[in-house]
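Here's the structure, in structure tokens; my notes come after.
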Amino acid sequence: MKKPELILDAGAVLAEGPWWDPDIQRLWWIDGLSEFGRGNDLHCFDPASRQDKFWHIAKHIGCAIPTKDKRVLLALQDGVYYFDLKTEALSELSTVEREISNNRLNDGKVDSRGRLWFGSMSMTANQPGRKFEVTGSFYSLLKDGTITKFLDDVGISNGLCWNHNETCLYYVDSTSQCVFAFDFDVEAGLISNRREIIRIAKAEGVPDGMCIDTEGKLWVAHFGGGIISRFDPDTGERLEAVSLPCSQVTSCCFGGPDYSDLYITTASIGLTPSQRMEQPFAGSIFLYRPGVKGMPLNKF
């Protein structure tokens, strides 16, 4: 496959957070925001049948991660919740930033010890005409609900992933136009020594979601730039750029039976009416086979 293939014409507002579940061979993803009566949904897509099931959550969703007890952990606008797929009930695990009414939680991933790492952002990023506010933070969350804050003054907390031995955490703050790296202590659950490793030109959009392949290279979505880029995190060199027929590229993850499939999510939010006409598949999910593989993600 030399270019991305459309596999789900989803028409999402903000398709985000792709997460491949090897136990059921399906792709979890979210439509994180609402617009024109659509969105705020948790989705589960079966590539074999091309069937997509969804649950309406009715709150902004930042990320969705399956749990080991077959629920789904959801980072919502006002906290982190368990979602029971059978009863469709939400149960609160921890409140986060409930006192900041115009913030919402955003992207997150789980490390090998079961901690959720996630961040927040101001919703003024999605409110035309309002000055953007830098009010986000970056946290970790334990299974007992304990939260630790690591960063303040975050613009839009976005993609994150670890190198293969979890000595390094890679992290995107979209408003900085950068991918950062931290030294990561997996036993203690601590980060240190923040440094810039990749800078994205504004003309190529802003860095958004991100994943890593088995060769240790980063795949970064360019929101507003219409591409996914593969970078060497050690040198900052871009090794490949994959074009999408949609400008608002949001995230990516590896999946499939042998993790050779790269699933790419896109959005329609932020497009003008004429751009929506020019990009009929904005908000859809695409599949690309890059010739390298990814690794399984951790459940909560």
Side-chain angles (χ1 to χ4, degrees), residues 6-21 23-67 69-98 101-110 116 118 120-121 123 125-127 141 158 208-209 223 246 248 250-251 253 255 263-271 276 280-286 297 299-300:
L6 175 70
I7 58 164
L8 180 63
D9 183 2
V13 178
L14 183 63
E16 268 265 57
W19 203 102
W20 179 257
D21 193 332
D23 296 332
I24 58 175
Q25 291 292 296
R26 285 171 173 79
L27 183 76
W28 295 97
W29 63 280
I30 59 172
D31 191 354
L33 293 177
S34 62
E35 185 179 65
F36 309 128
R38 302 174 295 120
N40 291 342
D41 301 320
L42 168 67
H43 290 254
C44 189
F45 174 65
D46 181 357
S49 66
R50 299 291 176 104
Q51 297 299 306
D52 184 62
K53 183 176 182 179
F54 75 94
W55 298 262
H56 185 58
I57 304 300
K59 291 185 179 183
H60 298 307
I61 311 172
C63 68
I65 297 172
T67 68
D69 62 3
K70 298 184 179 180
R71 293 182 289 178
V72 180
L73 192 74
L74 299 178
L76 302 182
Q77 181 178 350
D78 59 351
V80 181
Y81 294 77
Y82 287 111
F83 180 67
D84 189 307
L85 295 166
K86 293 181 179 179
T87 65
E88 302 189 8
L90 288 168
S91 55
E92 182 180 285
L93 175 60
S94 185
T95 62
V96 188
E97 298 188 356
R98 193 162 290 176
S101 61
N102 204 47
N103 263 21
R104 68 178 182 89
L105 304 187
N106 208 37
D107 210 350
K109 296 270 177 64
V110 174
L116 175 69
F118 67 101
S120 61
M121 59 176 283
M123 290 192 295
N126 307 111
Q127 296 170 351
L141 168 70
N158 243 317
D208 200 327
F223 187 87
C246 317
Q248 316 295 59
T250 57
S251 193
C253 82
Y263 290 96
I264 302 169
T265 52
T266 66
S268 59
I269 195 168
L271 298 180
R276 288 173 187 263
F281 298 122
S284 294
I285 296 177
F286 296 83
L297 297 169
K299 293 190 174 183
F300 186 72

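Heavy atoms only: backbone and side chains are in, while hydrogens, waters and symmetry mates are out.
R38 places a side-chain heavy atom less than 4.5 Å from the side chain of S268. Contact of the F54 side chain with the D31 side chain is not registered, since no non-hydrogen atoms from C-beta on lie closer than 4.5 Å. Proximity of E16 to N158: side-chain heavy atoms (C-beta onward) are separated by under 4.5 Å at one or more points. When side chains are defined from C-beta on, F281 does not count as touching T266, because their heavy atoms never get closer than 4.5 Å.
The only option from L6, D9, L27 that meets the side-chain contact (heavy atoms from CB on, under 4.5 Å) definition with I285 turns out to be L27. Of the candidates W29, W28, W20, Y263 forms a ring pair (Phe, Tyr, Trp, His ring centres under 6.0 Å) with just one, namely W20.
W19 and C253 make their closest contact through N-SG, 3.8 Å (heavy atoms, listed as atom of the first residue, atom of the second, distance). Residues L42 and F83 come closest through the heavy atom pair CD2-CD2, 3.8 Å. Contact detail for R98 and Y81: the closest heavy-atom pair is NH2-OH, 3.2 Å. Listed here is the closest heavy atom pair of V110 and L116: CG2-CD1, 4.0 Å. Of all heavy-atom pairs between D21 and K299, the closest is OD1-NZ, 3.3 Å. For the pair I61 and R104, the tightest heavy-atom approach, listed with the atom from each and the gap, is O-NH1, 4.1 Å.
With sequence neighbours excluded, no residue satisfies ring pair (Phe, Tyr, Trp, His ring centres under 6.0 Å) with Y82.
T95 contributes no side-chain N or O that, together with a main-chain N or O of G79, makes up a donor-acceptor pair within less than 3.5 Å. Checked by atom type and distance alone, the side chain of S34 never pairs as donor or acceptor with a backbone atom of G39 at under 3.5 Å. E97 places no side-chain N or O within 3.5 Å of a backbone atom of L105 that could act as its donor or acceptor partner. Side chain of T265 to main chain of P18: no donor-acceptor pair is present (N/O by atom type, distance under 3.5 Å, no hydrogens or angles).
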Exercise. Should L8 and R50 be marked as a side chain to side chain contact (heavy atoms under 4.5 Å, CB included) after you check the CA-CA gap, both sets of side-chain angles, and the distance that decides it?
Worked result: CA-CA 7 Å; L8 180 63; R50 299 291 176 104; over 6 Å; no
For this session: Would you check, one step at a time, whether the test side chain to side chain contact (heavy atoms under 4.5 Å, CB included) holds for K53 with D46?
Result: CA-CA 8 Å; K53 183 176 182 179; D46 181 357; over 6 Å; no
Exercise. Under the side chain to side chain contact (heavy atoms under 4.5 Å, CB included) criterion, do I24 and C44 qualify, and how do the steps go?
Worked result: CA-CA 10 Å; I24 58 175; C44 189; 4.0 Å; yes
For this session: For S94 and L141, run side chain to side chain contact (heavy atoms under 4.5 Å, CB included): C-alpha distance rounded to whole Å, both residues' side-chain angles, the deciding distance at 0.1 Å, then the answer.
Result: CA-CA 8 Å; S94 185; L141 168 70; 4.0 Å; yes
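One finds the CZ atom of R276 at 8.0 Å from the CD1 atom of I269 (value rounded to the nearest 0.5 Å). Atom CG of D23 is separated from atom NZ of K70 by 7.5 Å, given to the nearest 0.5 angstrom. Residue R71 holds its CZ atom at 9.5 Å from OG1 of T87, rounded to the nearest 0.5 Å. The structure places CD1 of I30 at 10.0 Å from CG of D41, a figure rounded to the nearest 0.5 Å. Interatomic distance, CG of L73 versus CZ of F118, reported as 9.0 Å (0.5 Å rounding). Distance check, rounded to the nearest 0.5 Å: CD1 of I65 to CG of L297 gives 8.0 Å.
Contact check on D78 versus K59 returns a salt bridge, with a Lys/Arg side-chain nitrogen under 4.0 Å from an Asp/Glu carboxylate oxygen.
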